[in-house]
Amino acid sequence: MASTTLAHTLPEDIDRGVAGATSILVQRANEIRQQKVNWPSYLQSQMISQEDYDVITGVEAGGNARQTLLHNQRYQVARTFMNLLGHISKDQTIQYILILVDDTLSEDKSRVEIFKEYARKHRESMWSPFLNLLTRPDAFIINMTARIVAKLACWSRDPMDGSDLTFYLTWLKDQLRTPNNEYIQSVGRCLQMMLRVEDYRTVFYQLDGVVTIVQVLSTGKLNFQIQYQLTFCLWVMTFNNTIAEKMNKYSVIPSLADILSESVKEKVTRIVLAVFRNLIVKPQDPQIARENCIQMVQCKVLKQLEILAQRKFEDEDITSDIEFLNEKLQNSIQDLSSFEEYCSEVKSGRMEWSPVHKSEKFWRENAGRLNEKNYELLKILIHLLESSKDNLVLSVACHDIGEYTRHYSRGKRVLEQLGGKQSVMQHLTHQDPSVRYEALLAVQKLMVHNWEYLGKQLEKDAQQVAPRQ
């Protein structure tokens with residue numbers, strides 16, 4: 001896929017085209033725009049000055065009047081906006097003013113500089129007045145403000161940074177997590193815009209932005225437009241080589257594999273394949289690229305590619321990506337070792353009774369390798385025991401921890417230090433009989449030093465019980 005081409009042709013405005021027209025924020029703004037504010041009343045009650053009245057009515061008039069005002073009285077326009085936003089408390093009026101600010105910026109993105117010039121003259125932050133509005137209770141106000149901040153941050157010659165940037169990106173991240181957020185599409189569009197900027201991508205990653213996006217995508221409760229937007233955010237993040245190399249730690253591939261298997265929209269399919277392609281192309285470490293390929297295989301992506309190859313797509317990039325990914329994934333499994341297969345399965349979090357788990361030879365040769373990279377695989381197994389709701393995953397994880405203890409002499413001590421023993425024992429009372437059984441076996445392996453002795457005892461017990469059955 002011509003990924004860089006897509007990045008460069010992306011609309012810079014947040015709500016342009018069909019998706020914008022369906023945005024709740026845009027629909028609500030159109031409604032509010034029709035409800036004119038009674039500015040003469042504000043003037044008569046001395047709530048605003050004559051100068052602010054003249055400026056705001058000129059901006060409101062639109063067309064040539066607004067154009068002339070913004071050309072001849074840039075400073076006064078910025079001052080009026082800041083005065084009104086700072087001194088008027090009525091939500092409906094604040095909503096209307098924010099729409100005028102947004103319209104002013106959308107007509108000409110260079111107008112972001114009038115706010116910077118005003119802030120410089122007053123020796124104050126351009127961001128504070130807007131960031132303060134993000135704490136208000138009205139949902140439209142905070143989301144229209146967020147939209148304005150995204151434009152200021154992306155169109156200004158001076159980028160957003162420091163605590164202001166951290167505050168804003170954290171706010172966006174928290175809004176993604178807000179249950180039943182009807183403005184989540186607007187939040188997604190702000191992120192799509194912000195994450196095109198390299199410095200913003202880095203900070204968002206440091207704030208666990210990738211983790212948040214994957215968690216939201218994994219809920220399975222999103223419409224295709226939100227799926228597209230959030231996957232787009234992951235795609236843009238992969239253009240940072242360092243971030244691309246770390247993506248496999250955050251279950252990005254399993255989450256997107258699920259979306260790909262269910263997707264009926266071409267744009268969603270296209271962006272998921274673009275992420276997969278970048279996860280192979282962008283990492284500078286060939287081993288990481290290979291691990292990503294193997295994990296895609298583990299998550300049944302090859303099967304999805306076979307299905308997609310039978311369909312006809314209007315976008316030629318999709319066909320190109322399908323061919324590229326199919327070739328790379330096929331090559332990755334030709335010389336796949338059993339341990340690499342096992343690593344991929346554990347890291348995907350989708351464990352099943354594949355042959356390696358029951359292989360005596362595999363555990364004899366590889367149990368000690370679970371200690372590599374500071375016990376990475378062992379920690380993942382323990383995490384799965386603590387977090388997974390899948391009974392099959394829990395059963396296999398209990399089994400593998402037991403086999404690790406059985407074949408690695410210091411396994412018992414290591415597991416106790418990592419909290420693994422306690423995690424296994426908690427499943428002794430699990431409601432699923434298979435999980436209980438595997439947990440019991442694992443605990444027995446943990447408790448008995450001489451495994452061969454235990455094995456003989458189990459055989460002996462079985463022989464004694466058999467005649468009574």
Notebook entry, point to check: Taking C-beta and beyond as the side chain, do Met194 and Cys154 meet within less than 4.5 Å on heavy atoms?
Noted result: yes
Check: Is there a side-chain contact between Asn292 and Pro283, using heavy atoms and a 4.5 Å cut-off?
Finding: yes
Notebook entry, point to check: Knowing that exactly one of Gln35, Glu60, Arg33 qualifies, which makes a side chain to side chain donor-acceptor pair (under 3.5 Å) with Tyr96?
Noted result: Glu60
Check: Is Phe204 close to Ile213 at the side-chain level, that is, under 4.5 Å between some pair of heavy atoms?
Finding: yes
Check: Using a distance-only test with no angle check, is there a side-chain donor-acceptor pair under 3.5 angstrom linking Gln185 and Ser23?
Finding: no
Margin query: As a quick check of understanding, evaluate side-chain contact (heavy atoms from CB on, under 4.5 Å) for Ile142 and Leu133, giving each step before the final call.
Written below: CA-CA 6 Å; Ile142 61 176; Leu133 288 172; over 6 Å; no
Item checked: Ile56 and Val37, any side-chain heavy atoms less than 4.5 Å apart -> no
Check: Are any non-hydrogen side-chain atoms of Val252 and Gln295 less than 4.5 angstrom apart?
Finding: no
Next item on the list: Check the side chains of Tyr205 and Thr242 for a donor-acceptor pair under 3.5 angstrom, ignoring hydrogens and angles.
Entry: no
Margin query: Out of the candidates Asn64, Leu69, Leu70, only one should pair with Arg66 under the side chain to side chain contact (heavy atoms under 4.5 Å, CB included) rule; please name it.
Written below: Leu70
Item checked: Side-chain touch Asp54/Gln50, heavy atoms, less than 4.5 angstrom -> yes
Check: Counting distance only, does the side-chain N/O of Tyr200 pair as donor-acceptor with the main-chain N or O of Met160 below 3.5 Å?
Finding: yes
Check: Taking atom types as modelled and ignoring hydrogens, do the side chains of Ser354 and Glu345 form a donor-acceptor contact shorter than 3.5 angstrom?
Finding: yes
Item checked: Donor-acceptor contact below 3.5 Å, side chain Asn326 vs main chain Ile322 -> no
Note to self: Main chain of Glu316, side chain of Ser320: is a donor-acceptor contact present, judged purely on distance under 3.5 Å?
What the structure shows: no
Note to self: Closer than 4.0 angstrom, basic N to acidic O: yes or no for Arg28 and Glu31?
What the structure shows: yes
Item checked: Nearest heavy atoms of Ala146 and Tyr168, plus distance in Å -> O-OH, 2.7 Å
Note to self: For the residue pair Ser186 / Arg147, report whether a side-chain donor-acceptor contact shorter than 3.5 Å exists.
What the structure shows: no
Item checked: Backbone of Leu329 reached by a side-chain donor or acceptor of Ser332 within 3.5 Å -> yes
Check: Do Asp102 and Lys151 sit within salt-bridge range, that is, some charged N less than 4.0 Å from a carboxylate O?
Finding: yes
Check: Does the side chain of Ser110 come under 3.5 Å of the side chain of Asp108 through a donor N or O and an acceptor N or O?
Finding: yes
Checklist line | Cationic tip of Arg270 above Phe313 ring, under 6.0 Å, 45° of axis | finding: no
Check: Atom CZ in Phe339, atom CG in Leu370: separation rounded to 0.5 Å?
Finding: 6.0 Å
Notebook entry, point to check: Are Glu198 and Arg201 ion-paired here, with the side-chain N under 4.0 Å from a carboxylate O?
Noted result: yes
Check: Thr238 versus Met247: any side-chain heavy-atom pair under 4.5 Å?
Finding: yes
Checklist line | Phe239 and Trp235 aromatic ring geometry - parallel, tilted or perpendicular at 30°/60° bounds | finding: perpendicular
Item checked: Check: Trp127 ring centroid to Phe130 ring centroid under 6.0 Å -> no
Notebook entry, point to check: Should the pair Lys265 and Tyr228 be classed as cation-pi, given the thresholds of under 6.0 Å to the six-membered ring centre and 45° from the axis?
Noted result: no
Next item on the list: For the residue pair Leu384 and Asp390, establish whether any side-chain heavy-atom pair is separated by less than 4.5 Å.
Entry: no
